[in-house]
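See below for the structure under consideration.
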Amino acid sequence: MRRSFPMHPSCLTTAIVEYVSQEDASPPLSRKKRPPPFPPIAKQPKKKAKVVSASSWATEPTPDWLLKLVEGEEDEPKRIIEKELSATDVNHNHNRLSMPCSKIIDLEFLSIAEQGLIEVDEGKKHKTGVNARLVVKFVDSDDLKKFSVNLRRWKMPKEKGSPTFIYNLVTGWNKVVEGCGLGENDKIRLWSYHSDGELCFALVLETPAPLSHPLLLPPPSDSEDANPEEMSSALVIYDKSSDDLRST
């Protein structure tokens, strides 16, 4: 014969708690996860910040000789580009100094009128550009050589993305290469300034002046002891340099 014993209230509470706990522990109903609205973007590696040396050309003061050259002018010289000359820069068939806009330090080196001419000229097949004067200074000489050049800008389209723009010094650039003995890998620094409203460029070469070049030879000597043959050769070279200087 079985006897039933009444359950103590504390036992009943424990049973209810255990029952509820077991329900809470049951796994939730499975739900389908919604796909994200866009595919996850892969994290790009962080680019290291470019460290600019304190001795960089962009932070160096404008040289005194250039400040004297623009003394009295309203505009200060602007840094254009520092580069090593490529094979194309010194190739006679190309006759141009290439200056990509992405490499130019100060793009606001043109006057408003000059900028307008460059932009209108950009869409023409036969460009006229902006005439300018170029002075060249060697690192070991205080003499300045003067040349006439022409500035133009070329628009280079791409298959994808925005086009690139390149400034070029043309027309008289071959005379600069020949007159200064420029070669591939020569390092140059180029400034821009205005003199009496005319666009000018100052080209600094970090190479010694080529003394053997006709443009840089001194005038012939009038000494009576000079060899007639040497005097004759010197006269020819001196006359040629004068013609070249007048034509630049």
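Worth knowing before you read on, the calculation uses all heavy atoms, side chains too, and leaves out hydrogens, waters and symmetry mates.
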- Can you check side-chain contact (heavy atoms from CB on, under 4.5 Å) on Val90 and Val177, steps first, answer last? CA-CA 6 Å; Val90 296; Val177 174; 4.2 Å; yes
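- A heavy-atom distance below 4.5 Å is found between the side chains of Lys137 and Trp65.
- Rounded to the nearest 0.5 Å, atoms OG (Ser86) and CD (Glu184) are 7.0 Å apart.
- When side chains are defined from C-beta on, Leu107 counts as touching Cys101, because their heavy atoms get closer than 4.5 Å.
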_side-chain contact (heavy atoms from CB on, under 4.5 Å) evaluation trace for Leu169 with Leu151_ = CA-CA 5 Å; Leu169 286 181; Leu151 177 71; 3.9 Å; yes
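- Across all their heavy atoms, Cys200 and Ser195 have their closest contact at SG-CB, 4.0 Å.
- Taking the side chain as every heavy atom from C-beta outward, Tyr167 and Leu110 approach each other to under 4.5 Å.
- Considering all non-hydrogen atoms of both residues, Ile81 and Pro100 come closest at CD1-CD, 4.4 Å.
- When the side chains of ILVMFWY residues are joined at heavy-atom separations under 4.5 Å, either directly or via intervening members, Val139 and Val135 end up in two distinct hydrophobic clusters.
- At least one donor-acceptor pair closer than 3.5 Å links the side chain of Trp173 to the backbone N or O of Asp89.
- Side-chain contact between Val204 and Trp191: present, with at least one pair of heavy atoms (C-beta onward) separated by less than 4.5 Å.
- Electrostatic pairing of Glu60 and Arg189 counts as a salt bridge here, judged by a charged N lying under 4.0 Å from a carboxylate O.
- Expressed to the nearest 0.5 Å, how far NZ of Lys146 lies from CG of Leu134 amounts to 11.5 Å.
- Hydrophobic clustering (side-chain heavy atoms under 4.5 Å, transitive across Ile, Leu, Val, Met, Phe, Trp, Tyr) keeps Phe165 apart from Phe109.
- Using a 4.0 Å cut-off between a side-chain N of Lys or Arg and a carboxylate O of Asp or Glu, Arg133 and Glu198 qualify as a salt bridge.
- Residues meeting the salt bridge (Lys or Arg N to Asp or Glu O under 4.0 Å) test with Lys103, sequence neighbours left out: none.
- Criterion: ILVMFWY side-chain heavy atoms under 4.5 Å apart, direct or through other members. Under it, Leu67 and Tyr193 are not part of a common hydrophobic cluster.
- When each of Leu85, Val170, Asn168, Leu182 is tested with Leu97 by the rule side chain to side chain contact (heavy atoms under 4.5 Å, CB included), just one qualifies, namely Leu85.
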Quiz item: So Arg96 and Trp154, side-chain contact (heavy atoms from CB on, under 4.5 Å) or not? Walk me through it.
Solution: CA-CA 12 Å; Arg96 62 173 172 82; Trp154 296 349; 3.5 Å; yes
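- With a 4.5 Å cut-off on side-chain heavy atoms, Arg79 and Leu190 do not count as touching.
- Within the 4.5 Å cutoff, no side-chain heavy atoms of Ile105 are placed close to those of Lys78.
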Let's go through Glu84 and Lys187 carefully: what are the C-alpha distance in whole Å and the side-chain angles of both, what is the deciding distance for salt bridge (charged side-chain N to carboxylate O under 4.0 Å, His left out) to 0.1 Å, and is it a yes or a no? CA-CA 4 Å; Glu84 288 186 359; Lys187 192 173 182 179; over 6 Å; no
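- The one candidate from Lys155, Arg153, Arg152 that meets the salt bridge (charged side-chain N to carboxylate O under 4.0 Å, His left out) condition with Glu122 is Arg153.
- Taken to the nearest 0.5 Å, the CG atom of Asp186 stands 10.5 Å off from the SG atom of Cys180.
- The shortest side-chain heavy-atom distance between Met99 and Ile166 does not fall under the 4.5 Å cut-off.
- The backbone N or O of Asn174 lies less than 3.5 Å from a partner atom in the side chain of Asn95, making a donor-acceptor pair.
- To the nearest 0.5 Å, atom CD of residue Glu114 and atom OG of residue Ser192 are 7.5 Å apart.
- Counting only heavy atoms from C-beta outward, the side chains of Val136 and Val176 approach each other to under 4.5 Å.
- Between the CD1 atom of Ile80 and the CG atom of Leu203 there is a distance of 11.5 Å, given to the nearest 0.5 Å.
- The 12-atom threshold is not exceeded at CD of Glu76, counting heavy atoms of other residues, nucleotides or ligands nearer than 6.0 Å.
- Put simply, the side chain of Asp121 gets close to the backbone of Gly129: a donor and an acceptor are under 3.5 Å apart.
- Put simply, NZ on Lys83 and CG on Asn185 are 11.0 Å apart, with the number rounded to the nearest 0.5 Å.
- Between Phe147 and Phe201, a ring centre-to-centre spacing not shorter than 6.0 Å is recorded.
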